[in-house]
J.: 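Please see the structure below; I have some questions.
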Amino acid sequence: MVQSGAPSASFPEGLADDVSSAPFALRCSRCRRTATHTLSAACSEDFAPLEVQLDLDVIAAECARPGVAAPRGIWRYGALLPIATTARLPWHVGGTPLRRAKRLGKALGLRDVWVKDDTVNPTGSFKDRPTAIAVSRAQALGLSSIGCASTGNLAAATAAAGAIAQLPTYVLVPSHLGLAKLAAPRALGARVIAIDGTYDHVNRIANLLADRRGWGFVNINLRPFYTEGSKTLAFEVAEDLGWQTPDRIILPLGSGALLCAVAKGFSEVDAVGWLEESRPTRFVGSQPVGCAPIVDAFASGAEAPSPVRNPTTIAESLAIGDPASGREALAVIRGSGGSADAPSTDDVLEAIALLGSTEGIFVEPAGGTVVATAKRLAATGVIDPDEKVVLALTGSGLKTPGVLHAVSAPAVAPNLRAVEGILLANGWSGSTPIPPSTTQGRTTAW
Amino acid sequence: MVTVYFTSAIRQRTGDYETTIDYAGDVQGLLRLLANRYGPQLAEALTSPQSGGGGLPGYVNIYVDGTDIRHLQALATPVGADATVDLVPAVSGG
Ligand SMILES: Cc1ncc(COP(=O)(O)O)c(C=O)c1O
């Protein structure tokens, strides 16, 4: 923790009375001017995105890696987060497992595959990480209400955080979302507004609404803090690999914010000297066919994505036609020597099943997209079999059962013979059946 | 009357959440009028060199009657006499 120092002119926030926040400044990512408005995501000079810039020199000098006594979860990395202890939302988020995926690796022909299982966050997706930080910031600013524009997962995360912070919470979503994604935020107490339009319509309206009401929308006017939360996924991956970064990490792309945040996270742990050695990581972004503006721009060499007007994909959480961090994500991917890939719907569904049956993890299509990309890149030799590869599994399949309709089983009559018939018809006779004579005898004895 | 909504950093610059303008033409012409009203710096920032191509602003999305002008005719998109135009910094994701 940062324990000393008066506020400095270049890093005005995060020192003095809130000594436990990382020292930081809110700056324009392009012109580097310090922001004049605290509740904003864009520079008032050139309208480019604002970002949180940590004073990494001070942190390097004063903060060691978190010790064994520090509990797992996002606040373990408080030294690298722009939130004072007093404003931290008391919500256990993160600290999710990074698992060696030997069986999946074998199926892919890769020897060192790891999965970051963020499906086990409280509301079933990585979105709890950015939301926890954004809502903590809302508390620090004393905001009266919070909200978000969501493709589904963020809605539940914001609703849960709003319940814990006891703030009125407004959740704007496209009305075509699956039942689970609409029901969860309602059950968590949010005021849900389902808009008849695409995510990009929802996002535009949320932008206008948040500003006019002075509400803190986690992915809009609190966005610089929101993306700070996603960094914690990178911190956990690095720590759980023994303070190393992987050779390659494959992440799903919606707006591109997660990928950029993970890159920022790796570079920050490197800059403060927490890594055993500084190694380059290739970033791979994955979007499904039907909504792949960042992948298309990567392929065509464009600097920025062209928006997709009507996304058509089963991966509704990735159905962002106009990815706001697309330009930045492309720069990270290209700068790292990575790539971008768009698997088909069939590839995604197959990958969900492959991951489930090898590792026992049930993901939504965003996770299937990532696994499908790993499979495609392994098959074409882009990934070397000995590389250390991390796959980011960002959302649980329990919220998107609808996509698996095609593989749902027909109902069977409630008797043993009918079930045995199903076993026979499918060739599911893996274990030794009880001999018919014995079965018969027992049945009559009863 | 054309209604123009400003938000976030753009609203910080204009000081207004919205304005109405007696106008019909295209987006380019509308931006020129807004520059007269709020100063040339605004129009300059709106059409900065961070262009997404075709002279479009890079960090600002412009919507005419709810549709992003990149799906229409970019800066040449018609603006009807009763149109609603939203100027929104490009932030999203979630
Ligand atoms: C499960 C899941 N994975 C990935 C993403 C994409 O994240 P980003 O928009 O930061 O690229 C989202 C949401 O947008 C999501 O819900």
Side-chain angles (χ1 to χ4, degrees), chain A residues 30 35-37 39-50 127 130 148-155 157-158 197 199-212 218-221 223 226-227 254-258 302-307 309 317 320-325 327, chain B residues 3-19 31 34-35 38-74 77 83-94:
Chain A
R30 183 161 165 258
T36 47
H37 292 69
L39 188 59
S40 188
C43 172
S44 53
E45 287 303 315
D46 59 13
F47 307 142
L50 295 176
K127 294 287 181 181
C148 68
S150 174
T151 56
N153 286 317
L154 185 58
T158 307
Y199 173 75
D200 293 314
H201 287 292
V202 173
N203 186 63
R204 172 177 53 85
I205 293 163
N207 261 282
L208 294 165
L209 193 67
D211 194 49
R212 292 164 80 92
V218 300
N219 57 330
I220 295 178
N221 47 13
R223 188 175 183 79
Y226 169 91
T227 54
S255 67
L258 170 65
E303 200 183 305
S306 300
R309 188 167 182 176
S317 64
I320 297 177
D322 181 17
S325 303
R327 183 194 302 268
Chain B
T3 307
V4 185
Y5 289 104
F6 307 108
T7 186
S8 175
I10 305 168
R11 189 264 308 159
Q12 290 156 20
R13 283 281 283 277
T14 60
D16 289 337
Y17 287 93
E18 59 184 270
T19 191
L31 292 182
L34 291 174
Y38 295 106
Q41 272 177 316
L42 180 77
E44 199 180 294
L46 287 175
T47 51
S48 77
Q50 285 302 312
S51 160
L56 282 183
Y59 290 122
V60 175
N61 292 343
I62 301 177
Y63 303 86
V64 175
D65 295 324
T67 302
D68 190 322
I69 62 169
R70 286 172 295 174
H71 298 307
L72 303 169
Q73 289 153 251
T77 300
T84 299
V85 176
D86 304 317
L87 299 183
V88 181
V91 289
S92 72

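Here is how names work: the chains are called A, B, and so on, in the same order as the sequence lines, proteins then strands, and each is numbered from 1.
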J.: I'd like to know which of Pro305(A), Ala206(A), Pro49(A), Gly197(A) tops the heavy-atom pair count under 4.5 Å against chain B.
T.: Pro49(A)
J.: Rounded to the nearest 0.5 Å, what separation is found between the CG atom of Asp200(A) and the OH atom of Tyr63(B)?
T.: 6.0 Å
J.: Kindly indicate whether a cation-pi arrangement holds for Arg204(A) with Tyr5(B), taking the cut-offs as under 6.0 Å to the six-membered ring centre and within 45° of the axis.
T.: no
J.: Taking only residues two or more places apart in sequence or in another chain, which ones pass ring-ring contact (aromatic ring centres under 6.0 Å, His included) with Phe6(B)?
T.: Tyr38(B)
J.: Using only atom types and a distance under 3.5 Å, with no angle test, would you say the side chain of Thr7(B) pairs donor to acceptor with the backbone of Asn207(A)?
T.: yes
J.: Side chain, backbone, both or neither: which part of Cys148(A) has a non-hydrogen atom closer than 4.5 Å to chain B?
T.: neither
J.: Between Thr36(A) and Gln12(B), is any side-chain donor less than 3.5 angstrom from a side-chain acceptor?
T.: no
J.: Heavy atoms only: give me the nearest His201(A)-Gly66(B) pair and the separation to one decimal.
T.: CE1-O, 3.4 Å
J.: Kindly give the heavy-atom pair with the smallest separation between Ser44(A) and Arg13(B), and that separation in Å.
T.: O-NH1, 2.7 Å
J.: Drop me the distance from Arg11(B)'s CZ to Leu208(A)'s CG, to the nearest 0.5 angstrom.
T.: 11.5 Å
J.: Write down the atom of Ala42(A), the atom of Ser8(B), and the distance for their closest heavy-atom approach.
T.: CB-OG, 4.3 Å
J.: I need the Phe47(A) CZ to Leu42(B) CG distance, nearest 0.5 Å.
T.: 5.0 Å
J.: List the residues meeting side chain to side chain donor-acceptor pair (under 3.5 Å) with Thr67(B), not counting sequence neighbours, and say none if there are none.
T.: none
J.: So how far is it from Arg309(A) CZ to His71(B) NE2, rounded to the nearest 0.5 Å?
T.: 6.0 Å
